[in-house]
Amino acid sequence: MSFSMTTSQVHASNSPPPNPQSQQIETQESQNPEEIDYSGRAQWLRAAVLGANDGLVSVASLIIGVGAVNRSSRAMIVSGLAGLVAGACSMAIGEFVSVYTQYDIELAQMKREKEDKEVGLTKEEKKSLPSPIQAAGASALAFASGALLPLLAAAFIHSWEIRLAVVCVVTTLALAGFGAVGAILGGANAKKSAARVLLGGWAAMAISYGVLRLFALTLHESSSL
């Protein structure tokens with residue numbers, strides 16, 4: 001009995017003392033919250049921000065471009081509504097085809113990796129596959145949500161100058177908001193992202209107005225000859 005107690009005491013005395021630094025690191029790691037996986041958000045975040053930004057810029061540029069040729073509020077609103085419907089359908093179809101292609105590739109890869117070719121996919125494997133219908137619906141909804149902002153801004157204003165100014169202001173605020181929100185959710189710099197989106201939107205609206213205004217002046221001069 002005394003020999004066993006002596007042996008255990010020797011082992012206890014020979015064991016290295018606990019490292020306080022390692023204990024501190026383990027304590028800090030246990031206290032820190034889980035890090036956010038921003039890469040996991042990339043796919044849906046890109047689709048949502050891209051769809052809303054496309055709808056906003058496309059319809060705003062369309063309304064401003066038509067306004068450069070025709071000052072009628074009806075013409076501007078009808079063109080904006082047509083752009084909303086056509087753009088949402090185009091985004092949905094494009095996203096459906098793209099995601100369905102990805103679905104076919106991943107499904108074929110899963111079947112190749114299975115040893116027994118006759119065994120079907122499990123529930124977990126089916127859930128991991130992308131959904132083309134959900135992607136198409138989300139893309140169309142995002143586009144329509146962005147396109148509604150300039151359309152509603154132009155719908156209730158009769159003065160042509162004020163209508164264009166309000167559309168530009170609403171579009172500018174929305175562009176800055178979309179850029180900042182996308183950057184925050186993705187863990188990027190909000191100011192740089194908002195500035196980048198703003199410059200792109202302003203360029204699209206300016207080009208649309210300038211080209212159609214030049215076309216209207218050219219058409220007016222040719223008809224007066």
Side-chain angles (χ1 to χ4, degrees), residues 45-95 136-186 188-225:
L45 181 61
R46 175 185 174 276
V49 173
L50 181 63
N53 187 70
D54 279 353
L56 178 65
V57 175
S58 298
V59 173
S61 300
L62 186 59
I63 291 175
I64 291 174
V66 172
V69 179
N70 191 336
R71 297 195 173 194
S72 170
S73 61
R74 180 177 296 180
M76 296 174 67
I77 294 171
V78 169
S79 63
L81 183 60
L84 186 154
V85 175
C89 293
S90 176
M91 291 288 290
I93 293 172
E95 194 71 14
S139 183
L141 181 62
F143 185 95
S145 300
L148 275 176
L149 296 176
L151 188 61
L152 292 176
F156 305 103
I157 300 175
H158 298 288
S159 174
W160 176 78
E161 292 85 358
I162 298 177
R163 189 187 311 124
L164 286 184
V166 170
V167 170
C168 291
V169 170
V170 170
T171 303
T172 297
L173 295 176
L175 285 172
F178 287 154
V181 169
I184 292 172
L185 293 177
N189 189 298
K191 292 183 179 180
K192 290 183 179 180
S193 178
R196 185 166 54 246
V197 174
L198 272 176
L199 291 176
W202 286 344
M205 290 187 292
I207 292 172
S208 299
Y209 182 87
V211 170
L212 287 175
R213 186 63 180 171
L214 181 61
F215 173 78
L217 294 175
T218 304
L219 186 64
H220 177 73
E221 291 180 357
S222 62
S223 61
S224 62
L225 295 176

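Here, residue 1 is the first one in the sequence, and each next residue gets the next number.
The distance from atom OG1 of T172 to atom CH2 of W202, rounded to the nearest 0.5 Å, is 5.5 Å. Taking OG1 of T171 as the start and CD1 of I64 as the end, the distance is 6.0 Å to the nearest 0.5 Å. For the atom pair CG of L175 and SG of C168, the computed distance is 10.5 Å after rounding to the nearest 0.5 Å. In this structure, Y209 OH and I63 CD1 are separated by 15.0 Å, a value rounded to the nearest 0.5 Å. For the atom pair OG (S73) and CZ (R163), the distance works out to 4.5 Å, reported to the nearest 0.5 Å. Atom CG in L84 sits 11.5 Å away from atom OG in S79 (nearest 0.5 Å).
Closest non-hydrogen pair, V59 versus P150, comes out as CG1-CG, 4.0 Å. Of all the heavy atoms in L149 and A174, the pair that sits closest is CD1-CB, 3.7 Å.
Not one N or O on the side chain of R71 forms a donor-acceptor pair closer than 3.5 Å with the backbone of W160. Side-chain N or O atoms of S61 include none that pairs as donor or acceptor with a backbone N or O of S208 at under 3.5 Å. Put simply, the side chain of R213 never gets that close to the backbone of V69: no donor and acceptor are under 3.5 Å apart. Remark: the backbone N or O of A136 is not paired with any side-chain donor or acceptor of S139 at under 3.5 angstrom. Of the possible polar contacts, none joining the S90 side chain to the A86 backbone as a donor-acceptor pair under 3.5 Å is found.
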Show your reasoning for whether side-chain contact (heavy atoms from CB on, under 4.5 Å) applies to L164 and M76.
-> CA-CA 10 Å; L164 286 184; M76 296 174 67; 3.6 Å; yes

